[in-house]
There are 2 protein chains.
Amino acid sequence: MEYSEKQIAIINTAERLFSVKGFDGTSVRDIAQEAGVNLAMISYYFGSKEKLMEAVFEKRMNVVHLKVEDLLQNNTLTQLEKVNLLIDDYVDRFIDQSEFHKIMIREQLIEKNSHIAALILQLKKRNLQSIKKLVMDGQKTGEFRKNIDVAMMMATLVGIASQVTTSQHFYREMNNLEHMSEPDFKKYIRKKLSVYLKFLFKATLTNETK
Amino acid sequence: MEYSEKQIAIINTAERLFSVKGFDGTSVRDIAQEAGVNLAMISYYFGSKEKLMEAVFEKRMNVVHLKVEDLLQNNTLTQLEKVNLLIDDYVDRFIDQSEFHKIMIREQLIEKNSHIAALILQLKKRNLQSIKKLVMDGQKTGEFRKNIDVAMMMATLVGIASQVTTSQHFYREMNNLEHMSEPDFKKYIRKKLSVYLKFLFKATLTNETK
DNA sequence: TAAAACTAAACAAACGTTTAATTAGTTTAT
DNA sequence: ATAAACTAATTAAACGTTTGTTTAGTTTTA
């Protein structure tokens, strides 16, 4: 689907507002005004507010799979190196697309069988299967220990990354980092998350003791 | 504040519906109908929908502080044992009050300076200070290592517990646990979370290698 | 019998969506 | 080449619902 400049403006504005005020808390009038388009254009282009939300999701979700499945094919890296690359990929996405991830978190909380809920579930399942495969490979080579709960492992990755990125203000204040510029803090938190998660994953996955 | 039966019914219904459909996604008519009361009673008792939400929060938040500050006073336990008790306390609350926690997660995502947002922030700060104290005590006795990022540590606890409890369906399916009864699964996930978080915290806090 | 609890109805505002009309740009016909 | 026909983009206004809240009146309680 090719979008015009105006359509893209609507999608981006919708993403931002949905992330800040929630889907139900954002009116199509809000979106139209902030995107600088007439109210009716939203229905005209996307059909409905619901379908505009779907357009936001499609824009972001199309690029997700690639990385994990690329890594699985790779033969020059150890399994732990692959896991570490995966961690960085997740951290980057959470930080660079924090608005979209806020929307995702909220949507997952809602118990309805919407098209979007189905999309998210499908994506999560697919990713988990790929990562299970990666872990099994590591177990075969003896790199990883037995009895690893991969779902719990992913809950760790996603849970911590969500928690930190959605409460950046709080984290910043609690560590007296208010003096940092926004980009510097992003860099700082990215590195911090990356190092910490890799440490946790090494402790969980391998038999090494340091 | 003492509440009548009817008021409690309204608060409980509101909590359930807010958790499932979100604050903006829930109408006061929904709440009134499901609670079996007249629409006007909500305004009559609570003043507004917003204040009903605050009543939901006050009901849950009044009992939070106690545990952490109790632990700090205790002299018969090692610092690691205190941390472990804290973990179980958090896990229990996330599992037993998962509806309320869904609401909390959502409220924290919204960028507005509401009374509720202020309440949550205040609570988080207070808890973090207490736990920082606990960690410092452990560092003084040599039980814990230096350079511990307590905010990151709490993000781990809250992040993983949130992630697992809010995606119980997914976790259940991914581990082929559909056969379990709901209470059995609750028991299972509680134990799983407890053991796993204690492992992670030990690895993060202490210098021990197993 | 006075205060508290409760109700059905009404309120204005906000909501998502549709309409009918207009503009601008492109294609077709002569 | 120019007038006519057609298409897509855009607009302001209106549509019917639903929203949270209030009113004015009735019933219950103490």
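Here is how names work: the chains are called A, B, and so on, in the same order as the sequence lines, proteins then strands, and each is numbered from 1. These numbers were taken from a predicted model, which means no experiment stands behind them.
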Under 3.5 Å, side-chain donor or acceptor atoms of residues 151-163 of chain B against the rest of the protein: list the pairs with distances, not counting sequence neighbours.
{"unit_1": "B:Thr156", "atom_1": "OG1", "unit_2": "A:Tyr196", "atom_2": "OH", "d": "2.6"}
{"unit_1": "B:Thr156", "atom_1": "OG1", "unit_2": "B:Met152", "atom_2": "O", "d": "2.9"}
{"unit_1": "B:Ser162", "atom_1": "OG", "unit_2": "B:Val158", "atom_2": "O", "d": "2.7"}

Check your understanding: Can you check the B:Ile31 CD1 to D:dT18 P distance for me, whole Å?
Key -> 17 Å

Review point. Of the non-hydrogen atoms in B:Phe201 and B:Val83, which two are nearest, and what is the gap between them?
Key: CD2-CG1, 3.7 Å

Exercise for review: Classify every nucleotide of nucleotides 9-24 of chain C by which part a protein heavy atom approaches to under 4.0 Å, writing B for the base, S for the sugar-phosphate alone and - for neither, in 5'-to-3' order.
Suggested key: -B----BBBBB-----

Review point. Is any NZ, NE, NH1 or NH2 atom of the basic residue among A:Glu69 and A:Lys133 found under 4.0 Å from an Asp or Glu carboxylate oxygen of the other?
Key: no

Point to revise | Inter- and intrachain pairs under ring-ring contact (aromatic ring centres under 6.0 Å, His included), touching residues 30-57 of chain B, at least two apart | key: B:Phe57-B:Phe100

Study note, to complete from the structure: With sequence neighbours left out, the residues meeting side-chain hydrogen bond (donor to acceptor under 3.5 Å, both in side chains) with A:Asp24 are none

Exercise for review: Quickly work out the A:Glu5 CD to D:dA9 P distance and round it to whole Å.
Suggested key: 14 Å

Revision key, fill the gap. Here the distance between atom C1' of D:dT18 and atom CD of B:Gln33, to the nearest Å, is 14 Å

Exercise for review: Could you check how far NZ of B:Lys51 sits from P of D:dT22, rounded to whole Å?
Suggested key: 9 Å

Output one line per pair: protein atom, nucleotide atom from nucleotides 24-30 of chain D, and distance, for all N/O pairs under 3.5 Å.
none

Exercise for review: Answer yes or no: is there a donor N or O on one side and an acceptor on the other, between the side chain of B:Lys21 and the main chain of A:Lys112, under 3.5 Å?
Suggested key: no

Exercise for review: For B:Tyr45, report the nucleic acid contact type (base, sugar-phosphate, nothing); a contact means any heavy atom under 4.0 Å.
Suggested key: sugar-phosphate

Exercise for review: Any pair with a residue in residues 152-174 of chain B that passes salt bridge (charged side-chain N to carboxylate O under 4.0 Å, His left out), sequence neighbours left out, goes on the list, sorted by first then second residue, please.
Suggested key: A:Lys125-B:Glu173, B:Arg172-B:Glu182

**Study point:** Check: A:Asn175/A:Tyr188 side-chain N/O donor and acceptor closer than 3.5 Å
**Key:** no

